[in-house]
Amino acid sequence: MNKASAVAPQDTADKPVTGPFTGNEAIARGVWEAGVKVAAAYPGTPSTEIMENVAKYPAEDLHAQWSTNEKTALDTAIGGSFAGVRSFAAMKHVGMNVASDALMSFSYIGVNAGLVVLVCDDPGIHSSQNEQDTRVFAGFAQVPVIEPSDGQEALDFTKYAFDLSEKFETPVIVRATTRLSHTRSEVKVGARVEPDDKGFDENPSKNVMVPMNARRQHPVVLKRTDDIAVELAEGPLTQVEIRGGKLGGKVGVITMAMSYVYVKEVMGDVSVLKLAGSYPLSESHIRKFTDQFERIIVVEELEPVVENALKIMGIAVEGKSLFPRIGEFSPEIVREGFVKAGLLEEKKHKGAFDLAPMARPPVLCSGCPHTSCYMALRALDARVAGDIGCYTLAVAQPLEAIDTCVSMGSSIANAVGMAKAGTETKPIIATIGDSTFLHSGIPPLIDAVYNNANITVFLLDNHITAMTGGQEHPGTGITLRGEKTAKVDYTQLIKALGVEWVETVDSYDMASMYQSLREAVEFKGVSVVISDRPCVLDPVKIKGQAFTVDQEKCVACQSCMNLGCPALTWSEGWYEGRHKVEIDPQSCMGCSICAQICPTDSIAL
Amino acid sequence: MAEKKNGPTNVLIVGVGGQGVIMVSKVLAMLCQNHGYEVKQSEVHGMAKRGGGVFSHVRFGSSVWSPTIPVGEADVLVALEWAEALRWINYMNPQTGTFIADTQKIVPPFACRVRDRGADAMYSEETPAEIMENVRAGYAMDATSIAEDLGNLKAANTVLLGALSNSLEFSVDAWLEVIRSFVPPKSIDINMEAFAKGREWAQAGPKRVDENAKGRGVSGRDLHKQVETKLEITEEWCKGCDICVKMCPERCLRLNDQLISELHKPDACTGCRMCEWLCPDFAIKITNTPIMEPAE
Ligand SMILES: Cc1ncc(C[n+]2csc(CCOP(=O)(O)OP(=O)(O)O)c2C)c(N)n1
Ligand code: SF4
Ligand code: SF4
Ligand code: SF4
Ligand code: SF4
């Protein structure tokens, strides 16, 4: 029995509010409305704001938390489902790689109370390390994936996913993309349902994945998948739009998610089968649509998941021969595909201007505590295994101080491998942020100690998960809901792992930073230097008095410009053919690093 | 406002991280929603905060499909920064679009990286006057200075909204009501004034360029003749203290096997003399000789 809850927390009156909600806000609303009681996530653009928004709903309604990584987030949600309450985990696409081990087995076990995993893909790689397609993962894990195309659907599909999950005892993936997550539109909201707690399901032969049980479950999963395919095809999320006109009977388009709105934008009058999601698909239902047309065109962003599935069914389709497999779709890209297909006229809008745009890559903020760390590494001439966070930006000019960056937590073990290869003459240093260290940096550090690698680990502690917009983590001692909690003591932790050389330095003290790093690399074995200064942007903006450059004294040596601080720029003055430097008082944070670096003492308060 | 046959109205708002692009587009989106339009406002943030370019698409009408504006179909381009205006200018509809840009320049550190003699910052070279010649309608205005004169730099965005208000159908009161709900209570008055100033500035006609907006300057390369740099190290005097190696801004020195300083990346050396000045033992000598132009 479901009972509707009282007034929603964001409602100002007693009738439901309507957006504008971002896709992420709508998903969060859907989570709350579905009666979820346990929700966990690790931040990752573009998914981060989902859990931030879930946490805006009352603590009495649901528990919402940051986990240390995506696997612990999913495992927490799985625990919630075991215990009989609706549970939810959110992550970005690459987070699914981390969480996948749990997902693959939990797919066999199946849910007790509903469990939904929200995964945000990033076609076009706006802010990621790759553009993998989560729909492939869904097929791999034999878990259904459903794919909203706008804010309203983001809410409705999320809510529906919980019903589907319980009906078929399966985890369900809801897939968003950057564009959906970060688009605001009007959204009609509903009330929260409060499903009765199911309690723990004492059923070890189902809940304990040992080989015997897994062998029994695998055919169950296959059967379940077939049933879900039919359910989705006949359910409310699948839309069939049959149009007459000049393409009537000739062309049928199969599409889903954001691709659908682009199809509607450029091909308003074509017949469309809008899928609930790309996996699983019901052949008989697909054929009911495709049989009506001479030509079938599949429009899907990234991988040819649906296209290949249809080809396996023996249905002739066109897809990636018309639309790219790489990058984010846009109205013009989808339009070009239909032009290629001979269904639209080429549009002759040659831009009036032929300008080469100026490069404006993202940079470390002025006053960023990471800047001095990489400046020191530059001087050390070390081999630097980097990791993922704001500090990855130190790879670019002018700092150019990172040699590798693979995935979150890779740096330390990469450094171990480089050291063990025995080919490197430079000191080997792994740089890793605080949030990344907690996410997946501790096991490799144990590895390094255990295997006695001669490396230095530079833990860049800026007291926050900065890259994703400033989220708390176990090292900050504050929870997602802003409550005080236990705080990781890095020095104690690292010593307990067996590291003998640990030192903490102030990121705004260049001299100690140089000194400490020199000593650390001289130490034979694992040494750890912790740089300690809060991010100047989050959780609070830190702004000190601005420094100024004495134009008389500056000899334009460009040492300070090597910091890449955005507050430093060239002035109108010259010295021996090079621009002198000045500081923009609006953006200078007053960190003093440039003043410490300037060989001529030209920079002062 | 530009005559629209069908489909939504498209406003593209662009700028640099931290300038308030998202805020400006939220104001517009709210205004449209208040007037009963379907609105989609789409942005991509993430890297944006770190000084990169930021853009936000606002589309409104009786129905909106794609959240992003097709290239060449923006009815208005609003740019909070000059080079960003140029980056997105082809999104504007060339026949009917209106161009609104702050002429202020935010020069990124990336642009100040060439170390040759006379090298200038690599900022977009096109001047406001040149661009305005080729747009149908537009306003290249120094919104930042207008706001500064009013006493609050941050009101520059509201100045631009004032200019934008001429291109859309909403009443001044409706604009002000929404703006009021977005800005801090203390700065409401300044923002009201900023809006009026921007609106008035852009009422002069279909086109207007700020006369003070900078044109092309003299290139540094014409001012400063190229030199040939020679770096000599008196090896007997060098004691391998490493100071020059650590302090060279271009990282072009290193210690050799004998722990004597050597120039291992001569191409990167700018002849800045840092090593010469900082060497405690006067072991390094730099000579910069102007390169003579070959006689015609
Ligand atoms: C598996 C995975 N999860 C999440 C992300 C998104 N992400 C990129 S950087 C980052 C946090 C980095 O925080 P920290 O290491 O503290 O460095 P900071 O940005 O604070 O400098 C996150 C969560 C990712 N790239 N990969
Ligand atoms: S957000 Fe914080 S950590 Fe990231 S670049 Fe800015 S100051 Fe540095
Ligand atoms: S003190 Fe120097 S390095 Fe620090 S923020 Fe100001 S200009 Fe940048
Ligand atoms: S480091 Fe000092 S002398 Fe060198 S360019 Fe900067 S301000 Fe001028
Ligand atoms: S003159 Fe000396 S300090 Fe300057 S770039 Fe050349 S080697 Fe480096």
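Sequence lines set the chain letters: A, B, ... in the order given, protein chains first and strands last, and positions in each chain run from 1. Computed from a predicted model, the values in this text were never measured in an experiment.
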Pairs of heavy atoms under 4.5 Å with chain A: top-ranked of B:G271, B:P67, B:A29: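 So the answer, after comparing B:G271, B:P67, B:A29, is B:P67.
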Residue [X] versus chain A: region with a heavy atom under 4.5 Å:
X: B:F110; result: side chain
X: B:T270; result: both
X: B:L278; result: side chain
X: B:M247; result: both
X: B:I131; result: both

Please tabulate, one pair per line, all N/O donor-acceptor pairs under 3.5 Å involving side-chain atoms of residues 11-23 of chain B, not counting sequence neighbours.
residue	atom	partner	partner atom	Å
B:Q19	OE1	B:V16	N	2.8
B:Q19	NE2	B:L80	O	2.9

Winner by heavy-atom pair count (cut-off under 4.5 Å) against chain B, out of A:R378, A:M258, A:R335, A:Q558: A:R378
Side chain, backbone, both or neither of A:I597 within contact of chain B (heavy atoms, under 4.5 Å):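 Just the backbone, heavy atoms under 4.5 Å.
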Check each atom of A:W570 against the heavy atoms of chain B and say whether the ones under 4.5 Å are side chain, backbone, both or neither.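 Both parts, backbone and side chain.
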Between [X] (side chain) and [Y] (backbone), is there a donor-acceptor pair under 3.5 Å?
X: A:N562; Y: B:E250; answer: no
X: B:Q41; Y: A:R184; answer: no
X: B:R87; Y: A:M358; answer: yes

Quiz question: by atom type and distance under 3.5 Å, do the side chains of B:S42 and A:R179 form a donor-acceptor pair? yes
Taking CE in A:M589 as the centre, count heavy atoms belonging to other residues, nucleotides or ligands within less than 6.0 Å. Is the count above 12?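 Yes, CE of A:M589 has more than 12 neighbouring heavy atoms, counting only those of other groups under 6.0 Å.
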Are more than 12 heavy atoms, taken from residues, nucleotides or ligands other than B:Q226, located less than 6.0 Å from that residue's CD atom? yes
Using the test side-chain hydrogen bond (donor to acceptor under 3.5 Å, both in side chains), find all partners of A:T371 that sit at least two apart in sequence or belong to another chain. none
State whether [X] and [Y] are salt-bridged, where the test is any N-O pair (Lys NZ or Arg NE/NH1/NH2 against Asp/Glu carboxylate O) under 4.0 Å.
X: A:R360; Y: B:E81; value: yes
X: B:R113; Y: A:E400; value: no
X: B:K40; Y: A:E186; value: no
X: B:K246; Y: A:D381; value: no

